[in-house]
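Below you'll find the structure, written out as structure tokens, and then a few comments.
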Amino acid sequence: MKEPGFSTRSLWAGEKDALAFGATQVPVVHSVSFGYDDMDEWFEVARGKKVGHIYGRNTNPTVQAFEEKIRILENAEASTSFSTGMAAISNTLATFLRPGDRVVSIKDTYGGTNKIFTEFLPKQQIDVTLCETGNHEDMETEIAKGCNVLYLETPTNPTVKITDIERMAKAGKEVGALVIIDNTFATPINQRPLALGADLVIHSATKFLGGHADALGGAVCGPEDLVEEIYHYREINGATLDPMAAYLLLRGMKTLKLRVDKQNENALAVAKYLQTVPIVDDVFYPGLETHPNHHIAKNQMKNYGGMLSFSVKGGIETVRHLLPKLTYANRAANLGAVETVVGPSRTTSHVESTPEERAALGIPEGLVRYSAGIEDIEDLIHDLEQAFQSLPQNIG
Ligand SMILES: *Cc1c(COP(=O)(O)O)cnc(C)c1O
């Protein structure tokens with residue numbers, strides 16, 4: 001049979017084994033343990049010789065359905081899940097890194113990931129080199145010096161910089177590095193890092209996968225042997241995805257394709273509109289031809305995602321006036337939800353950085369991160385128009 005498309009997979013993938021009593025929807029199995037009357041069967045399941053569940057920190061049917069759905073969407077051999085995206089990232093790194101190892105990454109990773117690189121890994125005698133995001137030559141030079149892990153995120157938060165996954169994965173492979181990509185912003189609808197040469201792909205399921213800003217979760221997908229090691233680390237260390245959260249994420253994922261298609265469209269239209277607004281200095285969106293790595297994005301992404309950012313004249317003062325005027329946007333720290341979400345970087349993605357650190361990352365104090373929702377595009381544009389029009393005359 002022909003390989004099903006993304007919408008079909010989002011709906012059907014991973015659910016069958018979790019259904020019971022003729023239910024058409026995956027149940028939330030809250031039971032912490034799974035009992036066996038037959039001691040031999042219990043022993044077999046416990047040793048992994050027979051399919052089944054033992055204890056909720058290890059596996060759970062609802063959680064397993066979520067893992068299976070993301071595995072199929074990323075076209076991976078295996079996947080495992082976590083309580084949050086950060087747990088997926090920290091557990092994956094902890095599984096493979098040892099004292100004396102070296103990590104090469106980029107300066108623009110998600111704020112929490114950046115803290116792992118700058119605060120926690122150095123305490124364990126793990127050397128981390130963070131390259132200028134988008135400077136591929138610099139990255140290749142650093143990778144060639146040898147590294148155990150090459151960790152990338154593309155597009156990045158909040159200035160949506162783009163890294164060439166195929167080119168970097170090739171450089172990583174040449175030195176035997178494990179290549180890990182955070183695919184949260186793109187989603188499997190827009191980008192497939194495993195097909196581009198990555199070893200592991202990570203998601204904060206809290207964002208686009210769940211899509212409704214009502215559940216935290218994370219996932220890692222990749223080859224069986226690597227995922228098995230990560231799973232083992234997680235089952236012992238305990239950053240387990242809760243079954244109720246798994247259910248909410250599963251339900252959200254059923255509309256992933258519909259939502260992301262609309263968010264792609266809305267983000268591009270908003271980005272194009274913002275380019276026409278005089279008080280807007282800069283618009284950052286990989287789908288714009290003015291984006292410095294637009295051609296790379298065009299090659300490796302199917303579409304450009306729901307995330308963009310823009311900077312305004314007058315810096316934070318303008319932002320302070322502008323954002324409260326928006327009707328159809330939550331002013332909040334999350335992203336990837338069905339509703340539009342806005343926030344200044346200095347209170348969202350890079351709240352832990354100093355103004356100097358943000359400047360070094362090319363994040364203007366007047367930068368607004370914009371996560372396009374699935375509202376009617378006319379309403380989003382009109383909302384922005386009236387917000388810009390209501391700014392005090394002397395601002396900007
Ligand atoms: C939010 C986010 C994370 C962290 O995910 P949580 O679920 O909040 O722990 C990691 N990477 C990216 C790109 C994110 O946007």
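Numbers for residues simply follow the sequence, beginning at 1. When a ligand or atom number is given, it counts from 1 through the structure's own listing order.
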Worksheet entry | Salt-bridge criterion met for E235 and R57 (N-O under 4.0 Å) | no

Practice prompt. For a side-chain hydrogen bond (donor to acceptor under 3.5 Å, both in side chains) with N183, tell me which candidate from E74, E153, R192 qualifies.
Written response: E74

Worksheet item: Between E166 and K170, does at least one N-O distance fall below 4.0 Å, as a salt bridge requires?
Response: no

Worksheet, complete the sentence: In short, V220 meets L200 closest at the heavy-atom pair CG1-CD2, 4.0 Å

Distance dump, ligand 1 polar atoms to protein, N/O, under 3.5 Å:
residue: ligand 1; atom: 5 (O); partner: S204; partner atom: OG; Å: 2.9
residue: ligand 1; atom: 7 (O); partner: G85; partner atom: N; Å: 2.8
residue: ligand 1; atom: 7 (O); partner: S204; partner atom: OG; Å: 2.9
residue: ligand 1; atom: 7 (O); partner: T206; partner atom: OG1; Å: 2.6
residue: ligand 1; atom: 9 (O); partner: G85; partner atom: N; Å: 3.1
residue: ligand 1; atom: 9 (O); partner: M86; partner atom: N; Å: 2.8
residue: ligand 1; atom: 11 (N); partner: D182; partner atom: OD2; Å: 2.7
residue: ligand 1; atom: 15 (O); partner: K207; partner atom: NZ; Å: 2.8

Fill in: Distance-only donor-acceptor check, side chains Q275 and T290, under 3.5 Å
yes

Worksheet item: Judged by modelled atom types alone, do E67 and S79 share a side-chain donor-acceptor pair under 3.5 Å?
Response: no

